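What's counted below: heavy atoms across the whole structure, side chains too, no hydrogens, waters or symmetry copies. In what follows, chains carry the letters A, B, and so on, assigned in the order in which the sequence lines appear, proteins first and then strands, with residues in each chain numbered from 1. Given the structure is predicted, the values throughout are model-derived calculations rather than measurements.
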Amino acid sequence: MEDNKITEDSANKPKNFIREIIDEDMKTNKWQGKVHTRFPPEPNGYLHIGHAKSICLNYGIAKDYKGKFNLRFDDTNPSKEEQEYVDSIIEDVKWLGSDFENRIFFASDYFEQMHYWAIELIKKGAAYVDDASADEIRENRGTLTEPGKESPCRNRSVEQNLDLFEKMKNGVFKNGEKVLRAKIDMASPNFNLRDPIMYRILHAEHHRQGNKWCIYPTYDWAHGLEDSLEKITHSICTLEFENHRPLYDWFLDELNIHHPQQIEFARLNLNYTVMSKRKLLLLVQEKYVDGWDDPRMPTISAFRRRGFTPESIRNFAEIVGVAKRDAMTDIALLEFAIREDLNHCAQRVMAVLRPLKIIITNYPDSVEELDAVNNPEDLSMGTRKIPFSRELFIEQTDFMELPPKGYHRLVPGGEVRLRYAYIIKCEEIIKNDNGEVIELHCTYDPETKSGTGSSNKKVKGTVHWVSASHAVNAEVRLYDRLFTVEAPDSDKEKDFLEFINPNSLEILTGTLIEPSLKNAKPGDRFQFERHGYFCVDSKFTKNEKLVFNRTVTLKDSWGKKN
RNA sequence: UGCCUCAUGGUGUAAUUGGCAACACGUCUGACUCUGGAUCAGAAGAGUCCAGGUUCGAGACCUGGUGAGGCAGCCA
């Protein structure tokens, strides 16, 4: 391996305290120039944006330091884990572009080795089988200020421990009857060192091991071993494991095996949503949302379905940075990341969400094909033709009979430009019996055709439209934040479910889109001009019915003021 | 109450051996514009939780407070 102290890639990335530690390790040659990270999810739910931050962090470091990145499932608890979650996690990590090559591992594949090591600790007199019940163990663990009490089983002979542990493994005992504990220090100020449990009896079927085992390693016992086995150099995890580090260190030192360096960082919190898997699962189970990938969820699969790009998520992960203090990140940062990306790559298109019919009274009964630019940010994306005719639809909100000051769209007697077409003038308003405007009669000025430069006429506003006889009907789903408050799960009295936003989903069925979108495919992303970015939904779209999800709105400096 | 960790504009992060607070988002102006978008130009906004100390000099170091988060699962 080359003598690459700090690679160019790593030097060009924004610094954070973890990269600084690694830079230092490279200088001191602590790991012989190697960097090996991993992402170790438990397959008990779908991945969310917080996991995405961790994935990007770990993969980004491995990539920049020319190291390796593993995906490893921490599947040590058969009662909560499922294959469906394994599959979704693999899909999400791949989608994010984090390349684990062929290194996809399972903690459960290490059970044999862990069991062997447990026996080694027993033989050293560093672990013992305890007969105490869960309640007894809890009672004897002590409190914040008092030390715990040692179990009567603590000083069993090695032979007896070996025998009992063997029986545990062979299914002689029922769930909870015995546990294997590390023999450390019942008086430690760190609870994790008060003889933590290494194995519990669980007569349960494991999603990959079947019924091979009836004892399962606890996370605390297993996790460090998994990292050690995979020769991980930097075990990056979240803050809540800080207190566990001395325990992992203890196991690794007792076993005298490869000892990764654990580094803890603050998990991502986003306002107006929740990030705990337990709460997300509840939202799914209780049908507050349509599933883990409901576009209102903060899961990776939901962002994907909603139209986010992997690039935007990666960019977001970089923007928010890495530190040790708890933080609440503003959702505006995420919205910025996706707008920035889509602005450059999404094709522009015209769609009328809430149609208002207009008739161009002086336009002939014919159809004209007009040129429209696909993306003004990227002219190489070309142009397309859009049909223009005598009967059109514009947005209801683009006409006001009694406009407020500063409104510069269509008003009675006023003029506005139809994008890529002509300037029209509102001549007559047609209302129904309820006094609602249902149709507008307008005239157009043939001299003002877009692109001809034949008119010097200026208007304040430009409005999008579709041709009535050519437009395609579509369903559009508008999403708002799932919760009405910034931190729904931090209220002392109220449950987070009480803060659910009743208007987080609005379904529009009468939307009319320009005909060029007729053959759009699930996953295709567009900018509906003047509205925002939309993506063809992959779940509800059928052959005869297009359904769009609004990914994010355009910034709106007018709407904000009014 | 014990242990661990953290504390910088509204939000998220910077400030390499102590040298006079930077960047991004957001907000607000203005310019431009056939998207009230994008782009461009600019502005406001913190004196770094508090109090001492070391130093010519502290956001960085020391001491003591205060505040926040985590830990008493056979969850991870």
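The side chain of A/Arg325 contributes an N or O atom lying less than 4.0 Å from OP1 or OP2 of B/U13. For the OP1/OP2 pair of B/A38 and a distance below 4.0 Å, the side-chain nitrogens and oxygens of A/Arg339 include no atom meeting the criterion.
A/Glu242 places no side-chain N or O within 3.5 Å of a backbone atom of A/Ile263 that could act as its donor or acceptor partner.
A donor-acceptor pair shorter than 3.5 Å can be found between the side chains of A/Tyr422 and A/Glu368. With 3.5 Å as the limit, one finds a donor-acceptor pair spanning the side chains of A/Tyr128 and A/Asp195. In this model, no donor atom of one side chain and acceptor atom of the other lie less than 3.5 Å apart for A/Tyr219 and A/Asn77. For the residue pair A/Glu514 and A/Ser516, a side-chain donor N or O sits within less than 3.5 Å of a side-chain acceptor on the partner. Counted by atom type alone, A/Gln209 and A/Tyr216 present zero donor-acceptor pairs between their side chains at under 3.5 Å.
Take the nearest nucleotide of RNA chain B for A/Glu20 and for A/Leu333: the residue whose nucleotide is more 5' is A/Glu20. Between A/Phe336 and A/Phe528, the one whose closest nucleotide on RNA chain B sits nearer the 5' end is A/Phe336.
Across B/G9 and B/G65, the matching P atoms stand 24 Å from one another, rounded to whole Å. Taking atom P in both B/A68 and B/U1, the straight-line distance is 12 Å, to the nearest Å. For the C1' atoms, the distance from B/A46 to B/G26 is 15 Å, rounded to whole Å. B/G69 and B/A51: their P atoms are spaced 23 Å apart (whole Å).
Around CZ of A/Arg384, the count of heavy atoms belonging to other residues, nucleotides or ligands within 6.0 Å exceeds 12. The local environment of NZ in A/Lys149 is sparse, with at most 12 non-hydrogen atoms from other residues, nucleotides or ligands closer than 6.0 Å. In the displayed structure, A/Lys425 atom NZ is contacted under 6.0 Å by at most 12 heavy atoms of other residues, nucleotides or ligands.
A distance of 8.5 Å separates NE2 in A/His464 from CD1 in A/Ile394, rounded to the nearest 0.5 Å.
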Which parts of nucleotides 66-76 of chain B does protein reach within less than 4.0 Å, heavy atoms only, written one letter per nucleotide 5' to 3' as B for base, S for sugar-phosphate only and - for none? ---SBSBSBSB
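Among the nucleotides B/G37, B/U13, B/G36, the one closest to the side chain of A/His408 is B/G36. Of all nucleotides listed (B/U13, B/C6, B/A38), B/C6 comes nearest to the side chain of A/Lys324. For A/Met328, whose side chain is taken as the heavy atoms from C-beta onward, the closest listed nucleotide among B/U35, B/A38, B/G12 is B/G12.
Secondary-structure stems of RNA chain B, taken as three or more successive Watson-Crick or G-U wobble pairs (i with j, i+1 with j-1) under a 3.5 Å distance threshold, comprise B:2-7 with B:66-71, B:10-13 with B:22-25, B:27-31 with B:39-43, B:49-53 with B:61-65.
Taking the syn range as angles within 90° of 0, the glycosidic angle of B/G73 is syn. Regarding the sugar-base torsion, B/G47 falls in the syn class, its angle being within 90° of 0.
You'll find a donor-acceptor pair under 3.5 Å spanning the side chain of A/Gln527 and the base of B/U35, going by distance alone. With hydrogens and angles ignored, no donor-acceptor pair under 3.5 angstrom links the side chain of A/Arg417 to the base of B/U35.
A heavy atom lying under 4.0 Å from RNA chain B marks none of the residues of residues 45-55 of chain A.
If you check every strand for non-hydrogen atoms under 4.0 Å, A/Gly461 touches nothing.
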